[in-house]
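Worksheet: one structure, shown below.
Naming: A, B, ... by sequence-line order, numbering from 1 per chain.
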Number of protein chains: 2
Amino acid sequence: MEIPVNTEERIRLAAQHVFQKKGLSGARMQDIADEAGINKAMLHYYFRSKEKLFDLVFLESFQKIFPKINSILTSEDNLFQKIEHFVFEYITVINQNPHLPLFVVNELAKNPELFLQKLFSTNEGAPKVDKLIKQIEEEINKGTILPIKPVNLFLNIISLCVFPYVGKPLVQIILNMDDEQYKGLLEQRKQEVLGFVLNAIKA
Amino acid sequence: MEIPVNTEERIRLAAQHVFQKKGLSGARMQDIADEAGINKAMLHYYFRSKEKLFDLVFLESFQKIFPKINSILTSEDNLFQKIEHFVFEYITVINQNPHLPLFVVNELAKNPELFLQKLFSTNEGAPKVDKLIKQIEEEINKGTILPIKPVNLFLNIISLCVFPYVGKPLVQIILNMDDEQYKGLLEQRKQEVLGFVLNAIKA
DNA sequence: GTCTATATATGGATAGAC
DNA sequence: GTCTATCCATATATAGAC
């Protein structure tokens with residue numbers, strides 16, 4: 001994690017950090033400038049406005065999640081491989097950016113109107129879950145897994161992967177865990193989630 | 001949902017609504033005044049400052065979640081009854097306040113220092129999960145459920161209950177569902193979550 | 001208790017020197 | 001490109017009339 005020499009990149013990283021921590025309305029341009037080690041005026045020189053800077057950060061955050069999901073969902077793996085890949089890859093990504101899910105979810109919730117245009121104008125579009133849904137239905141028909149609404153299974157998997165990160169502060173209070181203990185809990189989630197899901201669906 | 005006649009109560013409800021939707025930093029006193037149908041000055045007359053008003057709203061939100069959880073967790077039910085009660089009650093509460101979990105989680109994450117004093121000074125304290133943990137261990141020893149780290153099981157249950165609400169905007173994009181469809185999905189989560197969990201742990 | 005008007009602080013954005 | 005100084009809009013908070 002060496003500090004980039006060029007100013008624009010330093011600002012980008014500082015903005016990412018501050019926005020993810022405080023959100024759009026909570027972040028101060030001064031905070032970003034301080035963290036980047038430069039002056040407030042520089043932010044406007046490079047990125048024009050707070051909103052433009054935020055849009056960039058948000059889009060980049062979004063793109064950290066979706067392409068990888070998509071490539072797994074549309075792969076040629078069978079259902080069980082796909083679930084394993086999804087769980088492992090997804091938790092790995094989140095582990096590298098633990099504040100990312102809450103940031104994305106929260107800003108999406110606060111700007112219900114903005115996200116669509118920003119997303120679909122630049123991105124390849126929302127993930128394609130059709131193939132996974134179809135695979136789930138096939139396995140149910142074959143009798144290899146128990147009947148379940150495919151959408152529910154997908155939602156369950158995502159919930160198990162993501163919530164421990166999104167809900168961290170709340171769960172820590174409930175379980176009375178310090179940061180170190182919670183980190184340990186998160187580290188073995190890949191195996192835990194995978195095992196739990198496979199148990200739940202196996203016929 | 002009739003509108004209260006007395007001003008203080010109107011402000012409280014308006015504040016709750018606006019804060020839950022926009023968060024502390026995103027909410028404007030003017031928004032709250034407008035929604036309450038009174039003047040900005042009134043807010044300060046009754047609640048002194050934005051921060052004090054927020055603290056009240058946040059604490060009330062918090063207290064909507066915890067007492068009920070606690071009473072279930074410490075009850076004399078056996079493990080399976082307890083899981084069923086927890087899932088049904090918890091999802092019912094969230095269904096009545098769908099914005100509550102994201103609000104609480106988000107503000108907790110943004111104010112890591114504030115929450116402890118505010119909470120523990122007024123509340124009966126964090127939920128007691130010890131009893132549940134012990135019950136899980138007992139059932140594992142008896143062989144009625146598969147081995148699992150008790151904390152993981154608890155975390156899994158909460159994740160399955162809460163994430164569909166917290167992650168709504170994101171999940172809706174992924175699954176390409178409109179509000180009506182998503183509402184339908186949420187309505188059958190009680191049965192879905194309970195069945196999924198029981199399948200996953202049954203020996 | 002409720003309003004209008006105003007004070008005060010904060011934060012995003014720009015001007016202009018270097 | 002980078003800085004300091006400043007402008008200006010917005011938002012919280014208060015004063016004071018009714």
Side-chain angles (χ1 to χ4, degrees), chain A residues 2-61 103 106-107 109-111 113-115 118, chain B residues 2-61 103 106-107 109-114 118:
Chain A
E2 62 273 13
I3 297 161
V5 278
N6 100 27
T7 306
E8 184 167 341
E9 184 65 7
R10 281 225 310 282
I11 294 176
R12 244 181 27 78
L13 286 176
Q16 184 182 314
H17 190 219
V18 173
F19 278 132
Q20 284 193 9
K21 195 168 156 193
K22 309 222 183 181
L24 170 57
S25 63
R28 299 291 101 112
M29 294 298 263
Q30 187 62 58
D31 300 338
I32 298 173
D34 290 348
E35 184 143 330
I38 45 86
N39 191 277
K40 250 199 315 179
M42 288 279 85
L43 303 179
H44 293 93
Y45 176 79
Y46 279 102
F47 296 96
R48 194 100 199 150
S49 73
K50 182 185 181 184
E51 207 195 334
K52 284 211 167 45
L53 183 53
F54 175 83
D55 285 355
L56 180 71
V57 168
F58 182 74
L59 195 65
E60 285 178 351
S61 297
F103 171 64
N106 194 44
E107 298 301 328
K110 299 221 155 47
N111 294 328
E113 62 290 345
L114 293 178
F115 74 89
K118 286 179 185 173
Chain B
E2 62 273 14
I3 297 162
V5 278
N6 101 23
T7 306
E8 184 167 341
E9 184 65 6
R10 281 225 309 281
I11 294 175
R12 244 180 28 77
L13 285 177
Q16 184 183 315
H17 190 218
V18 173
F19 278 132
Q20 284 193 8
K21 194 168 158 194
K22 309 222 182 179
L24 171 57
S25 62
R28 298 292 102 116
M29 294 297 262
Q30 188 62 59
D31 300 337
I32 298 173
D34 290 349
E35 184 143 332
I38 45 85
N39 192 277
K40 254 197 312 177
M42 288 279 84
L43 303 179
H44 293 93
Y45 175 79
Y46 279 102
F47 297 96
R48 193 103 198 149
S49 73
K50 181 185 181 184
E51 206 195 335
K52 284 211 169 43
L53 182 52
F54 174 82
D55 284 355
L56 180 71
V57 168
F58 182 74
L59 195 65
E60 285 177 352
S61 298
F103 171 64
N106 194 44
E107 297 301 327
K110 299 222 158 41
N111 295 328
E113 61 290 344
L114 293 178
K118 286 178 185 173

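For the pair B/Phe47 CZ and C/dG1 P, the interatomic distance rounds to 12 Å; values are reported in whole Å. Rounded to whole angstrom, the span from the OH atom of B/Tyr46 across to the C1' atom of C/dC3 amounts to 13 Å. Summarising the geometry, the separation between OH on A/Tyr45 and C1' on D/dC3 is reported as 13 Å, rounded to the nearest angstrom. The nearest whole Å value for the distance from the CZ atom in B/Arg48 to the P atom in D/dA13 is 10 Å. Across the protein-nucleic acid pair, B/Leu43 atom CG and C/dT2 atom P stand 12 Å apart, rounded to whole Å. Residue A/Lys22 contributes atom NZ, which lies 14 Å from atom C1' of C/dT10 at whole-angstrom precision. The nearest whole Å value for the distance from the CG atom in B/Leu24 to the C1' atom in D/dT12 is 12 Å. Rounded to whole angstrom, the span from the CD1 atom of B/Ile32 across to the C1' atom of D/dA11 amounts to 12 Å.
Looking at the side chain of A/Met29, the nearest of the listed nucleotides C/dC3, D/dC3, C/dA13 is C/dA13. Among the nucleotides C/dT2, D/dA13, C/dG11, the one closest to any side-chain atom of A/Arg28 is C/dG11. The side chain of A/Lys40 has C/dG12 as its nearest neighbour among C/dG1, D/dA13, C/dG12.
Proximity of A/Thr7 to the phosphate of D/dT2: a side-chain N or O atom is located under 4.0 Å from OP1 or OP2. Distances shorter than 4.0 Å separate none of the side-chain N or O atoms of B/Ser49 from OP1 or OP2 on D/dT12. Side-chain nitrogen and oxygen atoms of B/His44 include none within less than 4.0 Å of the OP1 or OP2 phosphate oxygen of D/dT14.
Across all strands, B/Ala33 comes closer than 4.0 Å to no nucleic acid atom at all (heavy-atom distances). Heavy atoms of A/Met42 sit under 4.0 angstrom from at least one base atom.
For B/Lys50 (side chain) and B/Leu24 (main-chain N/O), a donor-acceptor pair under 3.5 Å exists by modelled atom type. A donor-acceptor pair is defined here as one N or O able to donate and one able to accept, closer than 3.5 Å; no such pair exists between the side chain of A/Asn39 and the backbone of A/Met42.
Rounding to the nearest 0.5 Å gives a distance of 10.0 Å between CD1 of B/Ile32 and CZ of B/Phe47.
Between A/Tyr46 and the options A/Glu8, A/Arg12, A/Lys52, A/Arg10, a side chain to side chain contact (heavy atoms under 4.5 Å, CB included) holds for only A/Glu8.
Side-chain contact check for A/Met29 versus A/His44: some heavy-atom pair is nearer than 4.5 Å.
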